[in-house]
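When a residue number appears, it is its place in the shown sequence, counting from 1.
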Amino acid sequence: MKRVESYLGSLEERDAFSLDSVRMRKGLGEPERSLQDDMEGLSLTEQPSTHLDTQKCSKQQRLIVNFRLWKYIPASQKVPYFGIILTYSIIMMHLWKNAFTAGVEHRPTGCGLFTPNMESYSKAGDVAFGILAAVHLETVIPSNNILFIEPPAPRRCEKIYTEFYQSVLAMVFAISEINRSPDLLSNITLGFHIYDSCSSEVMAIGSTLQELSGVKEIIPNYSCRLIPKLAGFLGDGLTSGALPMARILSVSRFPQISYGSGLPILSDKVQFPSFLRTVASTSFQVDAVVQLLLKFGWTWIGILASNNDLGLQGSQILKEAVAKDGICIDFFATLPTQSTRTSLALVIDMVQRSTASVIVCYTFTVHMVPFLKEISLQGITTKVWIGVTSWVTSPAFSQKDLWETLNGTLGMVVHRGEIPGFKEFLYNIDPLKRSEDIFIKTFWEQAFKCKWTKTLNETKDGNVADGPVFCTGKENLESLDASVFEVKDFMFPYSAHKATHAFAQALHDLLHCKDQDGPFTNRTCADPKDFQPWQMLHYVKNIQVESSAGSEMLFDSYGDPLPLFDLLYWHMTSNSTSSFVKVGAYNGRALPGLKLAINESSIFWGGKHTQVPLSVCSESCAPGYRKAAIKGRPKCCFTCVACPDGSIANHTDSLDCLMCPANHWSSNKKDRCIPKKIDYLSYKEPLGAILALISIFLFMSSTGIFCMFMKYKHTPVVRANNLHLSYILLASLMLCFLCSLVFIGPPKKVTCMLRQVIFGISFSLAVSSVMAKTITVVIAFRATKPLSNFRRLLSSKTSYSIVLACSLMEFSLGIIWLGTRPSFPVLNSNAGSWKIEAECNEGSILMFYCMLGFLGLLACVSFGIAFLARNLPDSFNEAKFITFSMLVFVSVWISFIPAYLSTKGKYMVAVEIFAMLSSGASILFCIFAPKVYIIFLRPEMNTKDFVVNKSTRTSRATKKIA
């Protein structure tokens with residue numbers, strides 16, 4: 001190799017021409033042409049500078065320069081060069097062959113980097129895709145790579161991930177569909193180079209650079225690819241590979257479609273302008289989880305996150321989202337990258353001490369498996385795990401010792417679907433016929449738990465004593481359980497299939513662009529044979545296609561698809577098997593409130609939960625109570641305080657109590673406002689009924705006495721002290737007792753206006769009658785003296801005049817009251833907490849007290865006159881009884897005033913009725929009871945002889961006094 005390079009160096013020195021020497025030889029009649037013009041297009045990926053410096057060019061570039069300078073050499077000098085050029089061409093062809101076929105230990109000289117060869121699963125085509133898939137879960141680094149005591153050995157990938165291998169097969173299946181399609185890329189055959197990133201950033205970067213370089217050694221920023229044309233990249237399915245890929249490909253604007261990475265930052269088109277994906281960003285997934293938490297009322301949660309970009313960024317977005325919706329976080333913990341029992345002990349202790357029943361896991365499978373194993377050992381089965389990433393569907397959890405822990409787990413995963421024809425394709429893969437598939441043997445060993453011999457032709461059937469089971473290649477894929485080899489409902493394979501069809505449609509649109517109708521400058525189209533990555537990116541970003549699986553594929557301005565997620569439920573059946581059940585779906589483009597749809601009847605809560613588990617810091621406050629924050633605790637932790645009277649809380653977890661309207665009051669449970677009871681003195685309540693009965697009794701008594709007086713009107717007892725005044729008094733008392741009934745019942749406009757006026761007039765008539773009786777007695781005794789002026793007043797006109805004058809005065813006051821500010825009914829909302837007092841507003845309180853004062857004046861005058869006449873001799877002198885009755889009357893009304901002012905509502909009315917009845921009863925019984933006694937019990941005293949004899953004795957007594 002060194003001899004070849006030395007020879008080429010001497011050859012190039014010999015045949016190098018400067019610009020001046022070439023210009024000296026151009027006298028052959030040829031048109032003048034600059035050497036710089038001839039240097040256009042020499043480089044494979046970039047143009048050289050106008051200053052020609054062949055020492056800075058690669059071997060290949062310098063060879064092309066020499067050929068371009070051939071026409072400047074005179075014909076006589078060209079013959080010696082033919083042999084040299086032929087030899088040079090053979091040597092360069094040999095070098096190019098070595099460059100494309102170099103093995104793992106190839107160490108390129110020049111601008112190439114030493115890199116172990118990245119094996120690929122390849123298929124030739126006119127246009128190719130670079131595909132990265134994390135087919136294996138782990139990367140093992142040999143010890144000599146760490147010690148550097150010998151050339152580094154290649155990394156070793158272990159633990160094949162079946163779902164991502166199926167993603168690879170889904171893309172292969174899609175490409176074969178496209179190649180067979182007469183409508184899509186009919187004259188183009190698609191090829192591919194599939195690399196295994198092994199869930200490693202380093203492997204992903206190496207594979208990406210190798211595919212960009214076009215040769216097995218990595219030449220950064222150079223593409224040595226001749227054919228096929230590289231259209232773009234599919235993958236990686238994991239963020240660990242997709243993120244570094246996106247950073248590298250954004251430099252040259254190579255379109256990249258990931259079928260599994262949901263990292264939110266990848267939507268940033270400033271950092272990742274050429275990144276697109278067929279799975280939605282996990283920022284939408286976060287919203288779906290929040291909707292799920294709110295749906296089941298889980299406001300007290302724990303959060304676990306992987307200690308990487310996706311876990312930390314996603315959990316931060318989740319924390320911000322749940323805080324906006326009133327959900328509190330009991331604890332937040334990150335799972336260690338290198339899981340050991342010691343490193344997991346702190347996290348498990350937090351989970352055990354947590355009062356939250358729901359834990360949201362923003363983690364990866366590699367971190368969750370050891371964690372859940374420790375959780376199972378600790379016997380923690382009461383927690384509900386919610387998976388945000390795709391770890392829920394990982395076959396790594398097929399271990400039966402984890403099923404009890406995972407029973408009841410919910411997972412918000414990428415939308416799943418079926419791919420028509422893919423099931424048959426999967427069942428027909430044959431390791432004996434697909435030797436180009438570098439992953440199939442590893443998958444076969446893992447799926448069927450067998451081992452391959454060194455060559456496929458040396459297979460052995462059955463078991464070998466004390467040895468492994470050998471793979472035959474004839475094992476039946478249909479015998480595999482769905483948890484090992486799913487063939488119906490796909491997640492990542494479904495997304496990978498859509499991504500492949502999206503790329504194919506974009507390429508189809510690019511190749512079928514019509515001149516003067518293109519999307520680029522001056523309405524031009526891309527060169528079908530030499531299109532640029534950024535031109536392909538334009539078409540990819542603007543595609544809208546329906547794949548063969550029936551799903552629509554389009555990207556928004558952030559390179560994200562429609563945000564669709566499936567809600568899966570991990571259920572352990574009665575026969576001790578586990579299965580996933582789709583119980584809901586999330587559509588991020590739906591209207592608010594309709595984004596998350598859940599079929600709750602499909603969820604059978606497992607473990608110790610017989611119904612929807614409760615995950616709250618504090619029990620919900622029932623209606624009638626409000627939440628009161630606990631100092632130093634999150635807002636989800638609170639106590640419940642009963643609403644005060646007159647306020648309500650009509651729903652659970654009320655923050656404040658609402659005051660009821662003025663005419664309403666809170667119910668006993670304080671959960672609703674009810675109309676206040678309109679309260680008044682009613683016949684239906686005991687107090688009103690008793691007063692009404694007393695009133696009727698007194699009225700009947702007055703009526704009875706009146707009738708009795710009518711019957712015995714010719715007897716001395718009845719005729720004494722003016723019979724007609726007795727009739728007027730009894731009639732007025734009957735009116736007084738009936739008047740009290742007007743005060744009972746709901747206040748109305750008429751009753752409010754008339755009741756106080758009727759009361760005043762009737763009582764003024766009664767009291768004035770009593771006063772007239774008293775004055776008549778006094779006049780009668782004064783008129784016994786000879787030539788007394790009182791004799792003229794002994795006629796009945798005097799008594800009637802007194803009654804009429806006093807009654808007219810009270811009547812006038814009533815008319816004035818009605819004419820100025822009469823009473824009217826009102827509803828008093830401030831009278832009580834639970835009631836509205838229906839009462840009469842007296843209008844003019846002055847007129848009320850004027851009427852009451854006039855009655856008091858009449859009573860006092862009557863009392864004074866009767867008191868002075870109490871000892872006057874007479875057979876039936878009423879002065880003593882009138883004195884006592886007026887004493888009671890005045891006492892009642894004097895005590896009435898403070899009692900009336902200190903009561904409200906119906907009790908105020910009851911006090912007034914009581915005063916009316918008691919004062920009227922005092923007049924009735926004190927004046928007329930003695931006469932009734934004589935008429936019925938002492939009839940001998942009600943005779944003329946008894947009266948004459950008593951009058952004689954009285955006259956003698958009067959003379960002695962004189």
J.: Check whether more than 12 heavy atoms from other residues, nucleotides or ligands sit under 6.0 Å from atom OH of Y558, and answer yes or no.
T.: no
J.: Do the ring centers of F443 and F485 come within less than 6.0 Å of each other?
T.: yes
J.: Could you list the residues that satisfy ring-ring contact (aromatic ring centres under 6.0 Å, His included) with Y195, not counting sequence neighbours?
T.: none
J.: If you take all heavy atoms of S261 and S258, which pair is closest and at what distance?
T.: N-OG, 3.1 Å
J.: Tell me, with the steps shown, if I598 and L596 meet side-chain contact (heavy atoms from CB on, under 4.5 Å).
T.: CA-CA 7 Å; I598 300 178; L596 180 64; 3.7 Å; yes
J.: For T442 and Y165, run side-chain contact (heavy atoms from CB on, under 4.5 Å): C-alpha distance rounded to whole Å, both residues' side-chain angles, the deciding distance at 0.1 Å, then the answer.
T.: CA-CA 10 Å; T442 309; Y165 175 55; over 6 Å; no
J.: Please lay out, stage by stage, how E418 and K423 fare under the test salt bridge (Lys or Arg N to Asp or Glu O under 4.0 Å).
T.: CA-CA 9 Å; E418 293 188 15; K423 175 181 178 180; over 6 Å; no
J.: Quick one: NZ on K635 to CG on L655, what's the gap to the nearest 0.5 Å?
T.: 9.0 Å
J.: Are T340 and T342 close enough that a side-chain donor and a side-chain acceptor fall under 3.5 Å?
T.: no
J.: Under 3.5 Å, side-chain donor or acceptor atoms of residues 315-323 against the rest of the protein: list the pairs with distances, not counting sequence neighbours.
T.:
residue : atom : partner : partner atom : Å
S315    : OG   : G311    : O            : 2.7
S315    : OG   : L312    : O            : 3.0
Q316    : NE2  : E320    : OE2          : 3.2

J.: Name all residues meeting the salt bridge (charged side-chain N to carboxylate O under 4.0 Å, His left out) criterion together with D330; count only those two or more places apart in sequence or in a different chain, and write none if there are none.
T.: none
J.: Below 4.5 Å, heavy atoms only, C-beta onward: do I265 and Q271 meet side chain to side chain?
T.: yes
J.: Under 6.0 Å from the CD atom of Q378, do we count more than 12 heavy atoms belonging to anything else shown?
T.: yes
J.: Taking Q446 for its side chain and I160 for its backbone only, find out whether a donor-acceptor pair lies under 3.5 Å.
T.: yes
J.: Which residues pass the side chain to side chain contact (heavy atoms under 4.5 Å, CB included) test with S240, not counting sequence neighbours?
T.: E201, L238
J.: At what distance, to the nearest 0.5 angstrom, does CE of M171 lie from NE2 of H497?
T.: 11.0 Å
J.: For K595, is the NZ atom crowded, meaning more than 12 foreign heavy atoms sit under 6.0 Å from it?
T.: yes
J.: Are T381 and I375 close enough that some pair of their side-chain heavy atoms sits under 4.5 Å apart?
T.: no
J.: Is D566 reaching over with its side chain to a backbone N or O of L568, donor-acceptor style, under 3.5 angstrom?
T.: no
J.: Return yes if some donor-acceptor pair links the side-chain N/O of S654 with the main-chain N/O of H651 below 3.5 Å, else return no.
T.: yes
J.: Using a 4.5 Å cut-off on heavy atoms from C-beta on, say whether the side chain of C643 contacts that of I648.
T.: no
J.: For the pair M368 and S306, evaluate side-chain contact (heavy atoms from CB on, under 4.5 Å) and give the outcome as yes or no after the intermediate values.
T.: CA-CA 9 Å; M368 281 299 292; S306 291; over 6 Å; no
J.: For R277 and S495: C-alpha separation, side-chain torsions, deciding distance, then whether side-chain hydrogen bond (donor to acceptor under 3.5 Å, both in side chains) applies.
T.: CA-CA 9 Å; R277 50 187 162 193; S495 298; over 6 Å; no
J.: Go through the structure and list residues passing disulfide bond (SG atoms under 2.5 Å apart) with C361, not counting sequence neighbours.
T.: none
J.: Measure the shortest side-chain to side-chain distance between P634 and W300 over non-hydrogen atoms and say whether it is less than 4.5 angstrom.
T.: yes
J.: CG/L292 to CD/Q285 distance, rounded to the nearest 0.5 angstrom?
T.: 11.5 Å
J.: Taking the inter-plane angle between the rings of Y586 and F565 on a 0 to 90° scale, is it parallel (under 30°), tilted (30 to 60°) or perpendicular (over 60°)?
T.: tilted
J.: Please list all pairs meeting ring pair (Phe, Tyr, Trp, His ring centres under 6.0 Å) that have one or both residues in residues 349-387, counting only residues at least two apart or in different chains.
T.: F371-W385
J.: Quick one: are Y494 and R416 in side-chain contact, heavy atoms under 4.5 Å?
T.: no
J.: Rounded to the nearest 0.5 Å, what separation is found between the CG atom of L266 and the OG1 atom of T239?
T.: 6.5 Å
J.: Please report the interatomic distance CG(L132) to CE(M203), rounded to the nearest 0.5 Å.
T.: 9.5 Å
J.: Roughly how far, to the nearest 0.5 Å, is CD1 of I348 from CD of Q352?
T.: 7.5 Å
J.: Report the residues that fulfil side chain to side chain contact (heavy atoms under 4.5 Å, CB included) with D653, sequence neighbours left out, ordered by chain and then residue number.
T.: S620, C621, K627, F638
J.: Would you say the side-chain atoms of T500 pair up with the backbone N or O of A170, donor to acceptor, closer than 3.5 Å?
T.: no
J.: Suppose the criterion is disulfide (SG to SG under 2.5 Å): which pairs have a residue in residues 261-325, not counting sequence neighbours?
T.: none
J.: Do K295 and E600 have side chains that approach each other closer than 4.5 Å (heavy atoms only, starting at C-beta)?
T.: yes
J.: Go through the steps to decide whether F331 and V351 satisfy the test side-chain contact (heavy atoms from CB on, under 4.5 Å), and finish with yes or no.
T.: CA-CA 8 Å; F331 71 90; V351 173; 3.9 Å; yes
J.: By salt bridge (charged side-chain N to carboxylate O under 4.0 Å, His left out), which residues pair with R633, not counting sequence neighbours?
T.: none
J.: Evaluate the pair C636, C617 and indicate whether the two SG atoms are within a distance below 2.5 Å.
T.: no
J.: Quick one: are P493 and E163 in side-chain contact, heavy atoms under 4.5 Å?
T.: yes
J.: Please check if atom NZ in K269 has more than 12 non-hydrogen atoms from other residues, nucleotides or ligands closer than 6.0 Å.
T.: yes
J.: Check step by step if side-chain hydrogen bond (donor to acceptor under 3.5 Å, both in side chains) holds for S283 and D287.
T.: CA-CA 7 Å; S283 58; D287 181 63; over 6 Å; no
J.: Determine whether the aromatic ring centres of F422 and F490 lie less than 6.0 Å apart.
T.: yes
J.: A side-chain contact here means heavy atoms from C-beta on lying under 4.5 Å apart; do R247 and F272 qualify?
T.: yes
J.: Using ring-ring contact (aromatic ring centres under 6.0 Å, His included) as the criterion, list what pairs up with H664, not counting sequence neighbours.
T.: none
J.: Does a side chain donor of either S267 or D560 reach within less than 3.5 Å of an acceptor in the other side chain?
T.: yes
J.: May I have the step-by-step check of side-chain hydrogen bond (donor to acceptor under 3.5 Å, both in side chains) for D236 and S197, ending in yes or no?
T.: CA-CA 8 Å; D236 192 346; S197 66; 2.6 Å; yes
J.: Who pairs with A133 by side chain to side chain contact (heavy atoms under 4.5 Å, CB included), at least two apart in sequence or on another chain?
T.: V135, V168, Y259
J.: When you check the gap from the basic side-chain N to the acidic O, do R626 and D656 get nearer than 4.0 Å?
T.: no
J.: Can you name the residues that form a side chain to side chain contact (heavy atoms under 4.5 Å, CB included) with K541, not counting sequence neighbours?
T.: L276, L537
